[in-house]
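Structure first, then comments.
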Amino acid sequence: NAGVTQTPKFQVLKTGQSMTLQCAQDMNHEYMSWYRQDPGMGLRLIHYSVGAGITDQGEVPNGYNVSRSTTEDFPLRLLSAAPSQTSVYFCASGPRGSYEQYFGPGTRLTVT
Amino acid sequence: AQSVTQLGSHVSVSEGALVLLRCNYSSSVPPYLFWYVQYPNQGLQLLLKYTTGATLVKGINGFEAEFKKSETSFHLTKPSAHMSDAAEYFCAVLHGGSQGNLIFGKGTKLSVKP
């Protein structure tokens, strides 16, 4: 199993541009989540999904959209990038009932 | 609402010394608690979790944590630090009963001196 994969690893955007961060898992996990990590802030939840077709907002959802059309994929869309969205983004997945989350390697995004 | 506070953003110990990383939580319902470790430029890896049952939880790499309801604490310990334990450690609590929704502390960076 590849586990949780994220692409790209690095990205630089200009203010106002849009893009999609990709996340995929091959473990048939029901739960998937997106977090952002900023220095001194820990990780903060952006959006999460409890299964295909079901998503919900986390602590910091503004400026981001998600959808979950399949169990495997959970893309994160930045609608109009802002410098405040410069961060490291982590995707995670977990099987129902274990309460564990498996994290991807992260995407480092810089918005200029 | 749930929250987590990690005391000490940086902790330094000597190799072979006791590791103690502090975590206090706030929760209006019985908490589900977790410790994750992050090595440089990597994602997070689960060290251990407390859901129900035994309050002393053993995890990977010789770490353990004890859930103390009276103190609202879930401190992480390891009897003898190894150089490879140098990393950042995050305490987290499940939020709203939803498995995909974790509230993280701000992290504690552990340094191990030879």
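To find a chain, count down the sequence lines: A is the first, B the second, and so on, and within it residues start at 1.
Tyr35(A) places a side-chain heavy atom less than 4.5 Å from the side chain of Leu102(B). Arg108(A) places a side-chain heavy atom less than 4.5 Å from the side chain of Asn41(B). Here the side chains of Tyr36(B) and Gln101(A) are in contact, with some heavy-atom distance below 4.5 Å.
Put simply, Leu76(A) and Leu43(A) are part of two different groups of oily side chains (I, L, V, M, F, W, Y) that touch within less than 4.5 Å, one to the next. A continuous path of hydrophobic side-chain contacts links Leu48(B) to Val11(B) [ILVMFWY only; heavy atoms under 4.5 Å]. Residue Val60(A) is grouped with residue Leu78(A) when hydrophobic side chains (ILVMFWY) are merged at heavy-atom distances under 4.5 angstrom, including chains of intermediate members. Put simply, Ile60(B) and Met83(B) are part of the same group of oily side chains (I, L, V, M, F, W, Y) that touch within less than 4.5 Å, one to the next. Under a hydrophobic-cluster definition in which Ile, Leu, Val, Met, Phe, Trp and Tyr are linked whenever side-chain heavy atoms come within less than 4.5 Å, directly or via other members, Val66(A) and Met32(A) are assigned to the same cluster.
Nearest approach of Tyr48(A) to Asn101(B), heavy atoms of both residues: CE2-ND2, 3.7 Å. Among all heavy-atom pairs drawn from Glu100(A) and Lys49(B), the shortest one is OE2-NZ, 3.2 Å. Contact record, Ser33(A) with Gly100(B): OG-O, 2.6 Å, taken as the closest heavy-atom pair. In plain terms, the two heavy atoms of Gln38(B) and Phe90(A) that are nearest each other are NE2-CZ, 3.4 Å.
With a 4.5 angstrom heavy-atom cutoff, Leu94(B) touches chain A only via side-chain atoms. For chain B, the nearby parts of Ser98(A) are the backbone and the side chain; heavy atoms of each come within less than 4.5 Å. Looking at Ser9(B), there are no atoms closer than 4.5 Å to chain A (heavy atoms on both sides), in backbone or side chain. Proximity to chain B is absent for every atom of Glu30(A), based on heavy atoms less than 4.5 angstrom apart. With a 4.5 Å cut-off on non-hydrogen atoms, Tyr31(A) touches chain B through its side chain but not through its backbone.
Here Met41(A) is the residue among His47(A), Glu59(A), Met41(A) with the most heavy-atom pairs under 4.5 Å with chain B. Interface summary for chain A: among Phe104(B), Phe90(B), Phe34(B), the most heavy-atom pairs under 4.5 angstrom belong to Phe104(B). In terms of non-hydrogen atom pairs under 4.5 Å with chain B, the most contact-rich of Gly40(A), Gly58(A), Pro39(A) is Gly40(A). Annotation: maximal heavy-atom pairing with chain B below 4.5 Å, among His29(A), Arg44(A), Gln6(A), Gln37(A), occurs at Gln37(A).
Arg22(B) CZ: 12 or fewer foreign heavy atoms inside a 6.0 Å radius.
Rounding to the nearest 0.5 Å gives a distance of 14.5 Å between OH of Tyr99(A) and CG of Leu46(B).
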